[in-house]
Structure formats: C-alpha cells, structure tokens
**Student:** 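Have a look at this one before I ask anything.
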Amino acid sequence: MPGFDKVVTSYADAMHGLEDNMTVIAGGFGLCGIPEGLIAEIKRLGTKGLTVVSNNCGVDGFGLGLLLEDKQIKKMVSSYVGENMLFEKQLLNGELEVELTPQGTLAEKMRAGGAGIPAFYTATGFGTPVGDGKESRNFNGRDYILEESITGEFAIVKAWKADRYGNCMYRHTAMNFNPLAATAGKITVVEVEEIVEPGELEPSQIHTPGIYVDRIIKGSFEKRIERLVTSKGA
Amino acid sequence: MPGFDKVVTSYADAMHGLEDNMTVIAGGFGLCGIPEGLIAEIKRLGTKGLTVVSNNCGVDGFGLGLLLEDKQIKKMVSSYVGENMLFEKQLLNGELEVELTPQGTLAEKMRAGGAGIPAFYTATGFGTPVGDGKESRNFNGRDYILEESITGEFAIVKAWKADRYGNCMYRHTAMNFNPLAATAGKITVVEVEEIVEPGELEPSQIHTPGIYVDRIIKGSFEKRIERLVTSKGA
Amino acid sequence: MALSREQIAMRVAKEFQDGNYVNLGIGIPTLAANYVPAHIEVMLQSENGLLGMGPYPSDEQVDADMINAGKETVTAATGASIFNSAESFAMIRGGHVDFTVLGAFEVDVTGSIASWMIPGKLIKGMGGAMDLVAGAKNIIVTMTHADKHGKSKLLQACTLPLTGVNCITRIITDLAVLEVKDNAFHLRERAPGVSVEEIREKTAGKLIVVGNIPEMEMD
Amino acid sequence: MALSREQIAMRVAKEFQDGNYVNLGIGIPTLAANYVPAHIEVMLQSENGLLGMGPYPSDEQVDADMINAGKETVTAATGASIFNSAESFAMIRGGHVDFTVLGAFEVDVTGSIASWMIPGKLIKGMGGAMDLVAGAKNIIVTMTHADKHGKSKLLQACTLPLTGVNCITRIITDLAVLEVKDNAFHLRERAPGVSVEEIREKTAGKLIVVGNIPEMEMD
C-alpha cells in the first residue's frame, strides 16, 4: 500500500513544512486528547509567529503552554485561556493576541472549514461583544450572527488508534475537537497511541476517515490530568 | 428507567401525533436504510398533504412510493426522484410538487436544522437553477449561495441497534441520511432491528445519541434491493 | 434566611422533570446533580462531548481520557454516549438540551445575562456559556441575589458585557425564585423566612409581586 | 477511430495518481475503476457514505445494507470507512476528494457544465452532481464529443440548465483530451487515428491547438 500508507517515523517528518506565521489547528480540550509529541516538535523547531486555533492553550509547562515559553505563538483563537500564567503575562504585555470564540462556534468553524462551508449563521454571541462588527440577520423571528469558517496550513490531532490509511478512532472524551481539527488542516498530522493495519477497524466505527489525514506518527503520551477528582475526594 | 425509556410497542404509538400537512423528514438512500414499518403506518393512517424530505421517494409499491398511492404527499424535497412511475405521473398532473435539492445540500440542511444553524453558505448550485432567487455572496474570491436549514414535525429513521435510551447505531451504508434526519425532527421516531439494554453499546461508538430520539420501535424489515449486482453478473 | 449554596442547588434540582437532559455549569449548578429527586432521572450533558455523565471515579477508575467540561476526571453513566465538540454543540445550539443551569454576574429584566467578563479584570473566555444560553430550551441562572457589597445582580439593564440577550427566563437566588418576562422580574417564591420587602430592596430591576408569594418548599 | 466507452474509461484511469481518492459517476466513469494501472492504488468514494468501495459482491456477500451511490450492491474494500451523508459531502464539498469523474450533456469554454436537466424532458434530479462539481479538486468530464445527431457537446456557452459554473478543467471524449482554461478548449491529445481537423469540426466552442498534438497512449 504505497499510496495510502501515511505512517511517518520521525517527528521531523511529521511536522515537515511548518513555517513561521502559519496557522495551526490543534485538537484537545484542556490537557485531554492533545498531540503531546507534535507540540513538543513545534517547540523544538522554534517556529515563530504562529496562529494557533485550539479550545485552550494548555497550562504552564505542558500542552500548548510550551509554545508560549519561546514566544512562538502570535495569536490564539480559543474559547477559554484561563489556566496559564505565562499566557496572561504575554497577553497583558501585548506579546500575544487572543481571539475569544464561543466553544460551540469554534467547533463549528473548524467543521465548516473542513466541509467547504465558508460561513454559517448562529444565535450564539448575538448582542454580545462576540457579535460586534459581524453581520447579523433575522431568521423566523430570531437574530443570528454570521460566523466564518476556519482552516489552517496544519492541523495537529491526537487519536487513539489509526490504521496506516489514516482512519482514526478516539478514546472516550479525548475525542473532543480532534475529529474537527482533522478536517480543517491543509496538512493534517495525527499522533496516535497505536497503529493498526487497514481492515482492523470496523468501517462504520471510524471517527475520522483517512481521506482527511496526511501523516500518522506513533507517540507516547504522558496524559497529564488537569483536575484529578475522585469519588473519595468529591 | 421510566424517564428515558423510549421504547413503544405499537406503530400507532410510534406515529402518534402525525397530522395532515405536517413535514416528515425520512432517512434512507434509495431503498437502503428506510423505516419500512413507519412508512407503512403513515400509509395506514392516511395522513394527507404531507411534505416529505428524503433523498429519494422510493419505488413504485415500496418505500415512500407507497405514500403516493393514496396521494398523501403534497411536496417532496429530494435530490433524485427518477425511480418511480407514479411519482412522474403525479408530478406531471400537478398533484405533487417537488423541490429538487443537491444531495449534499440536503444532508447539510438536515444537519443544520438539528444543530440550530438557520442557514449556511455553499458553492453547490451557484449559477444553476438551484441558486435562482437565493442570495449569493463572495468569500475569498469564490461565489456561494445561502441555503436555509430544514426541520420537520416528525423525523422517521431506520437504525440497526438502539438501546432503550435511544442511542442508535447504523449498519454499513444503511446509515446514509438517517443520523441527520434523527436530529431534525421535533418528534424523532426510530425503527430498529434490535433493541438492547443501556450500557450494551460502547459510548463512543454510538452514531445517534439518545437525546435526539423520542420513540423507538422494533421493526421487521424486508430490505428490498434496488439494483442487485454481483461479481458474477458484473 | 438566605439559602446556602447547597440549598440553592437543592431548589434548582426541583425544576427538573423525569427524562430531562441537563447541562450544569461550574459551581452551584454542578451541585444540583446531588439533589435530583429519587423518583426521577435526569441525564447530564457535559459540553466537551459526553451525554450521561456519571459520578467522579474511584482511584482505580481514574482515566485521563475521561473528563468533564470542568476538566475534572469523571465516569460515564450507563447508557452514555460520547461524541465530538461540534456534535456536542449541535445538541446544545439545536435546542435538544432541556435545561442549562449556570451562574451569572448580572441578569436584567429583558432576560439578558452577563457572566463571562469584567472589564479591567483579566478575560479568560466564555467557554461554552454563550452557546448554552443561545441554545437550551430552559435556562436557569443561579447566583446570590446581591454581590458582596450588597449591590443587586438583578438589574433593569446589565452593565457588563453580555453573554446572551433575551434568553433567561428563570432565576434562582439565595433569596428567591423569579421568572423573567414582559420586561420585569416576577417573584414566584421566597426563601424560607425571607420577606418580600428584603427581596424588593435587593432587586434593582423592575420587580412584580402579585398576591401571596409562597416560601420555597425545601424538604 | 473514435474511442469506445471502455477506451474512454481506460484513458480516464491514466489520470489517477497513486494515493488518489476518486469519486466516479454512473456510466463511463464507473468503468474507469477497471483500468486503474497495476502499480498505483486509488480509493473510491461513493457519496452515499462509503470511502473505499470494493468490487461487486459474490452471491453470498450480497447485503442490502451495503450499496453504492448508484444503488447497486457492493462490498467495502480493506481499510474502508462508512459515514453519514453530511460527512460524505463535507468530504466532497471541502475539497478532500482528488478526482471526480462524471458525464455531461454539454461543457463550455468557461468550464461550466450541464448534466442533469433537459427542459421538456422529465426532471429526475441532480443527485450529488452539483456538490461534486462544486467540491472536487479535479473534475474530469467524460462524454462523446458530439451527440447522436453530430451536434457538438463542447460549446462556447452551455444552452441547458447548468450543474456548475467555471469548474471543469479537463474533458476526455471519444475523440480527444482537452483542457479548459482562458475561455477556450485546449487540445492536448487525439484519439488514435483521429485528426485535428475532425476534432475542430466537432468542437463548437473556441478550440486552441498549439504545435503537434500527440495521439493518446492506449496500452
């Protein structure tokens, strides 16, 4: 299977082509389901001026927070960025720009980007600062704002299992934004826990069809927990 | 589980509340993955003046074609209706109205209807009769038309397995429009091959979360094949 | 007596009906899950992609891949489903979630809500709050009736940047249950021992009180 | 000699590159699957929700739940994925499918195509054709160069209702391979034994012929 074998064996190959000032769409929610090794590689590469589209920006010293350390991120597009002191500092210094986007709108913008839908209407954010400067319109008696889709030069995604063709499955709530990010990258790179052979995944159980995926790399994951709460501690 | 047990045991209960002139969104592609028993019940009820949204209108004597026999359908919203003599006759007689909608736009309209998105832009149909009378707009140098979403008083859906909470899985390409139709009905009724207990379906393998489903009924299916082609005959 | 956080949560839980799908925000709303009446069942939606959120895990059950929207480790309840974020908000935006319960800084008589941003303070983001208030069939705001300085949070017009407009229909505070309609707060219930006068005093927006206002039933 | 249907399909298959995702319309396009060169692999997308369409089933494999967009019974190839119709067209509309091959009644020098409706005849519907021409990265139109009455199908401007505008870049007919750009058809290859003069005669829209036009390689 030469043509459809998307497995690469080095992180350098996985992120080959990433350049300064590109847009990177990243899957993950908090620290759950984040492509740890791909983020580490971007840090190693030292690429600057990145626009990063991701629901959150990690925490100090982990996840996308790592890319703040050398000021690699120019702009974040996120719904919530409150977990990160360095983020706060760079934001207040004016070294970092942030475009706060409602979580559902952010998810839909990624999906629309991947699906060839340039814009859609949503009631979310109408009459709020999010709607400022955006076109609004009434449908059936309700007001909506027009939101444009998002695509990026790269999408970085964390999956559970993938076959060599790029068909991916996600595990539990580590799915989150990952399947959406996967559709919206010109180059989509997926870091996985396990690579299997084509045919091992049941076709109708695949979350991300391989057509969206350009490169797959097997990673190893720390899976840091942001808020450990147990029934004992609750 | 009183509150979430959505199983009904009679087709009369399954389609309770269906009235003349309602809109019914139906899953299925050709004769594949159609809710045979729910269609039969609509025929039995004799409900008239229906607007039916479905990719196709069955064939003579099977699937949605059955609802043409007593002129129950006032309007079809479909992408392709070429398999049906009775359909043709009623259309030419002016007894039936048809709104031809590109297949992908139709699927997206159902999804948008279920997702609270009143309208979206698509390049599909720009400059064609489908775009006539619709607003068009240029994004990044390309022309798109505005398409509005679809919802219906009822959605009728065919699934493979469902648990009592309404979580559904579909089998092979019998999935097609079914998960989209399921989101777009005020009342969504699912006819299934097998009802299982909650917990039997793996949470991240569920195609339609139970929140979209109002009623489930166990059906038995003929599964007529529209075009039997085998490797021998090909 | 003003209600405690736990008591507010307890009163919130009485709003739910058997078979409801409910999204609970962080803080008091989350506590409401502990007080769902025994004879009914609700299913909790967590907007990161989980319908059917279960209790916190035991030490053995802890799984970094299973968290809630507050980024806490959780479990999946029997009959849960898990899906991506676009699907999760399709559910929310499309009006399929029966109840959303969330906190607020301010609510006004038009049903507008401010809950995510205080100018001059660091802005952390709205998360899913704007989608939730735009989408849920029924929204319940839980908050203290007044802030620490005694300033009312129920206003004629919100002063802070909004989370959503004309969307709040029900407010449950430490003092009262109120309905929002026709450009006014309509007092429906008082916390046990709290007078209409005290509520009137702490409600800056137009308050309508008709007839005898019953005390909340807190069993 | 004008190419047969099989020969057109054979020439179409030469356009594919290893690793391409391809959607083939009904008719000649479907035949192209039989001529994919042995040293490359392509994956077939069927817009009813199947990526990785396999061969027709044996009698034992026939399954009513496994069909293609032509409503024929098929199989899933190794490594296939199956998804709903919105996802299928997200793939198509979003430009993820490398090639779409489809038939047409007319194509014009602007790359517009008419393929779904002849006024006065019964309208059956466009199915997925409008989405496919709006979405695929590369679209190949296959058709006879002229209709049964000898009337050219390559026009200066389409006369029939359109399927899409400015979207066709490559046409493979029984007589020629042509590129569409700069408001003209550019002749690239001739069918073996077919003269430039014959092609010119049967091409109603502006035709540009530069230099020596090679014959198609039909191995």
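Naming: A, B, ... by sequence-line order, numbering from 1 per chain.
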**Student:** Closest approach of B:P102 and D:D131, non-hydrogen atoms and distance?
**Tutor:** CB-OD2, 3.4 Å
**Student:** Flag this pair as yes if the NZ/CZ of D:K124 is under 6.0 angstrom from the six-membered ring centre of B:Y80 and inside a 45 degree cone about the axis; otherwise no.
**Tutor:** no
**Student:** Quick check on D:K137: does its NZ atom have over 12 non-hydrogen neighbours (other residues, nucleotides or ligands) under 6.0 Å away?
**Tutor:** yes
**Student:** Determine whether more than 12 heavy atoms belonging to other residues, nucleotides or ligands lie under 6.0 Å from atom CG of B:N140.
**Tutor:** no
**Student:** When you measure from the side chain of B:R227 to the backbone of D:T73, do you find a donor-acceptor pair of N or O atoms at a distance under 3.5 Å?
**Tutor:** no
**Student:** What are the residues of residues 138-157 of chain D, in order of number, with any heavy atom under 4.5 angstrom from a heavy atom of chain B?
**Tutor:** none
**Student:** Could you tell me if the side chain of B:N55 sits less than 4.5 Å from the side chain of D:S85, heavy atoms only?
**Tutor:** no
**Student:** Does any non-hydrogen side-chain atom of D:D65 lie less than 4.5 Å from one of B:T173?
**Tutor:** no
**Student:** Check whether B:N84 gets within reach of chain D through its side chain, its backbone, both or neither, counting any heavy atom under 4.5 Å.
**Tutor:** neither
**Student:** Taking all heavy atoms of B:Q103 and all of D:G128, pick out the closest pair and write down the distance.
**Tutor:** NE2-N, 3.4 Å
**Student:** Salt bridge or not for B:R171 and D:D63, using N-O below 4.0 Å?
**Tutor:** yes
**Student:** For atom NZ of B:K134, is the number of surrounding heavy atoms from other residues, nucleotides or ligands below 6.0 Å larger than 12?
**Tutor:** yes
**Student:** Just wondering, do B:V130 and D:M130 contact through their side chains at under 4.5 Å, heavy atoms?
**Tutor:** yes
**Student:** Chain D heavy atoms under 4.5 Å from B:L106: which part of the residue, side chain, backbone, both or neither?
**Tutor:** neither
**Student:** Is it the case that over 12 heavy atoms from other parts of the model lie below 6.0 angstrom from the CD atom of B:E222?
**Tutor:** yes
**Student:** Which bit of B:L31 comes within less than 4.5 Å of chain D, counting heavy atoms only: side chain, backbone, both or neither?
**Tutor:** neither
**Student:** How about B:F29 and D:K71: do any of their side-chain heavy atoms sit closer than 4.5 Å?
**Tutor:** yes
**Student:** Considering the options B:I225, B:T230, B:V229, which one meets the side chain to side chain contact (heavy atoms under 4.5 Å, CB included) requirement together with D:E72?
**Tutor:** B:V229
**Student:** Against chain B, label D:Q61 side chain, backbone, both or neither, depending on which of its atoms sit under 4.5 Å from a heavy atom there.
**Tutor:** neither
**Student:** With only heavy atoms counted, which part of D:T163 is less than 4.5 Å from chain B, the side chain, the backbone, both or neither?
**Tutor:** backbone
**Student:** Only distances under 3.5 Å count here; give the side-chain donor-acceptor pairs of residues 90-97 of chain D to other protein atoms, sequence neighbours excluded, each with its distance to 0.1 Å.
**Tutor:**
| from | atom 1 | to | atom 2 | distance (Å) |
| --- | --- | --- | --- | --- |
| D:R93 | NH1 | A:A115 | O | 3.0 |
| D:R93 | NH2 | B:G104 | O | 3.1 |
| D:H96 | NE2 | A:G114 | O | 2.7 |

**Student:** Rounded to the nearest 0.5 Å, what's the gap from CG on D:N48 to CG on B:N176? Could you check?
**Tutor:** 7.0 Å
**Student:** Mind checking which of residues 167-177 of chain D sit less than 4.5 Å from chain B, heavy atom to heavy atom?
**Tutor:** none
**Student:** Using heavy-atom distances under 4.5 Å, tell me whether D:P57 contacts chain B through its side chain, its backbone, both, or neither.
**Tutor:** both
**Student:** Considering only heavy atoms from C-beta outward, does the side chain of B:H207 approach that of D:N84 to under 4.5 Å?
**Tutor:** no
**Student:** Which bit of D:I123 comes within less than 4.5 Å of chain B, counting heavy atoms only: side chain, backbone, both or neither?
**Tutor:** both
**Student:** Can you confirm whether more than 12 heavy atoms, excluding those of B:K223, are under 6.0 Å from its NZ atom?
**Tutor:** yes
**Student:** Tell me whether D:Q17 at atom CD has more than 12 heavy atoms from other residues, nucleotides or ligands lying less than 6.0 Å away.
**Tutor:** no
**Student:** Is the count of non-hydrogen atoms from other residues, nucleotides or ligands lying under 6.0 Å from D:M218 atom CE greater than 12?
**Tutor:** yes
**Student:** Look at D:V74, D:I67, D:V62 and state which one has the largest set of heavy-atom pairs under 4.5 Å with chain B.
**Tutor:** D:I67
**Student:** What residues form a side chain to side chain donor-acceptor pair (under 3.5 Å) with B:N138, not counting sequence neighbours?
**Tutor:** B:D143
**Student:** With heavy-atom distances below 4.5 Å as the criterion, would you say the side chains of B:P179 and D:F83 are in contact?
**Tutor:** no
**Student:** Please tell me if the side chains of B:S231 and D:S58 come closer than 4.5 Å, counting only heavy atoms from C-beta onward.
**Tutor:** yes
**Student:** Please report the interatomic distance CZ(D:F89) to OG1(B:T124), rounded to the nearest 0.5 Å.
**Tutor:** 8.5 Å
**Student:** Side chains of B:M175 and D:I82: closer than 4.5 Å at any heavy-atom pair?
**Tutor:** yes
**Student:** Which bit of D:N166 is near chain B, if near means a heavy-atom gap under 4.5 Å: side chain, backbone, both or neither?
**Tutor:** neither
